[in-house]
Amino acid sequence: EDQVTQSPEALRLQEGESSSLNCSYTVSGLRGLFWYRQDPGKGPEFLFTLYSAGEEKEKERLKATLTKKESFLHITAPKPEDSATYLCAVQEDGSRLTFGEGTQLTVNP
Amino acid sequence: DAGVIQSPRHEVTEMGQEVTLRCKPISGHNSLFWYRQTMMRGLELLIYFNNNVPIDDSGMPEDRFSAKMPNASFSTLKIQPSEPRDSAVYFCASTSRLNTGELFFGEGSRLTVL
């Protein structure tokens with residue numbers, strides 16, 4: 001069974017303080033790894049897809065990277081509006097996406 | 001585009017009652033998913049449909065849960081009878097690009113079973 005573990009569970013940063021979120025996974029054949037953002041009271045919002053080790057994707061202050069065992073979501077000079085829960089998900093064969101439990105990020109002004 | 005539309009947004013019911021949650025996917029999307037989110041278990045896939053056909057219902061907890069997709073623009077998730085442990089936020093998501101993992105989620109239906 002797919003295992004997706006995210007760390008830390010919660011992270012508090014000061015505005016401008018860069019950091020990284022981790023998503024480690026165990027799947028027999030990774031088809032894709034996905035990052036989502038979820039704001040309180042809302043559904044998850046898609047951010048990135050990564051398909052193979054070494055791949056990187058960027059969007060504004062966010063950069064996602066992928067190795068054979070884990071993915072990182074790097075947040076550079078975060079702002080308060082980056083506060084949210086960040087979810088990663090993996091897709092093995094077939095179409096099922098298995099989500100991790102998320103990292104709750106708070107960025108203080 | 002209106003996005004994925006779910007109703008009701010909030011439902012409070014008593015144990016034993018029937019609950020029906022509704023979802024209208026984004027027009028043109030051919031895959032539809034029902035997820036459940038709780039603090040304890042996170043986001044769990046219940047069932048997904050491709051071209052209105054159920055493909056994987058292995059996440060449906062038990063026979064009390066059923067889902068239908070009578071046409072491309074409408075799906076329901078029914079719980080009968082409901083129990084307090086069914087309390088959760090239920091999300092519907094759709095996509096036309098399943099291989100990219102890019103799902104479009106609705107805002108969810110928060111269910112409380114007393």
Side-chain angles (χ1 to χ4, degrees), chain A residues 1-10 21-25 27 29-52 55 57 59 62 64 66 71 73 84-105, chain B residues 1-10 21 23-26 29-51 53-60 88-111:
Chain A
E1 185 175 320
D2 296 349
Q3 288 273 349
V4 183
T5 304
Q6 292 189 245
S7 62
E9 289 186 13
L21 313 182
N22 177 265
C23 172
S24 62
Y25 61 91
V27 298
L30 182 70
R31 193 168 183 177
L33 184 141
F34 317 101
W35 283 97
Y36 281 77
R37 167 190 172 129
Q38 186 174 23
D39 292 300
K42 304 285 187 181
E45 178 183 350
F46 174 79
L47 292 173
F48 303 112
T49 301
L50 301 165
Y51 291 110
S52 56
E55 190 174 358
K57 292 277 180 70
K59 181 178 181 179
L62 300 177
L66 181 64
S71 176
L73 185 66
T85 296
Y86 291 86
L87 300 164
C88 78
V90 298
Q91 185 180 49
E92 204 183 3
D93 293 332
S95 302
R96 169 184 290 270
L97 266 69
T98 301
F99 281 84
E101 297 200 1
T103 293
Q104 186 174 353
L105 174 67
Chain B
D1 200 324
V4 175
I5 299 173
Q6 293 187 245
S7 65
R9 290 294 316 278
H10 302 274
L21 307 179
C23 175
K24 176 178 169 53
I26 293 173
H29 285 188
N30 61 342
S31 298
L32 183 141
F33 300 75
W34 282 100
Y35 280 89
R36 176 172 68 177
Q37 189 173 41
T38 61
M39 290 293 291
M40 293 294 294
R41 300 174 66 91
L43 202 58
E44 302 174 280
L45 177 65
L46 300 176
I47 185 171
Y48 86 89
F49 296 83
N50 199 42
N51 294 321
V53 176
I55 302 299
D56 182 353
D57 65 355
S58 59
M60 295 286 265
V89 181
Y90 290 81
F91 287 103
C92 177
S94 70
T95 186
S96 61
R97 303 173 61 195
L98 188 53
N99 290 343
T100 69
E102 185 176 358
L103 305 185
F104 294 81
F105 283 80
E107 297 205 328
S109 293
R110 181 176 292 277
L111 173 65

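What you are looking at is a predicted structure, and each value in this text was computed from that prediction instead of being measured. Values below: all heavy atoms of this structure, side chains included; hydrogens, waters and symmetry mates excluded. Convention: sequence-line order gives letters A, B, ...; per-chain numbering from 1.
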Chain A heavy atoms under 4.5 Å from [X]: which part of the residue, side chain, backbone, both or neither?
X: B:Arg41; answer: backbone
X: B:Phe104; answer: neither
X: B:Gln37; answer: side chain

Worksheet item: Of all residues at least two apart in sequence or in a different chain, which pass the side chain to side chain donor-acceptor pair (under 3.5 Å) check with A:Asn22?
Response: A:Glu70
Item to complete: Check side chain to side chain donor-acceptor pair (under 3.5 Å) between B:Asp56 and all other residues, then give those that pass, not counting sequence neighbours.
Response: A:Arg96, B:Ser58
Item to complete: Would you mind checking which part of A:Tyr36 comes under 4.5 Å of any heavy atom in chain B, side chain (CB onward), backbone (N, CA, C, O), both or neither?
Response: side chain
Fill in: Region of A:Glu45 in contact with chain B, defined by heavy-atom distances below 4.5 Å
neither
Worksheet item: If you look at every heavy atom in A:Gln38 and B:Phe91, which pair is closest and at what distance?
Response: NE2-CZ, 3.5 Å
Fill in: B:Thr95 OG1 to A:Leu97 CG distance, which is reported to the nearest 0.5 Å
9.5 Å
Fill in: From CZ (A:Phe99) to CG (B:Leu103), nearest 0.5 Å
6.0 Å
Worksheet item: How about B:Arg9: does its CZ atom have over 12 heavy atoms from other parts shown lying under 6.0 Å from it?
Response: yes
Practice prompt. Count the heavy atoms of every other residue, nucleotide or ligand shown that sit under 6.0 Å from NZ of A:Lys57, and state whether that count exceeds 12.
Written response: yes
Response to the item:
Of the listed B:Glu107, B:Glu102, B:Arg110, the one with the largest count of heavy-atom pairs under 4.5 Å with chain A is B:Glu102
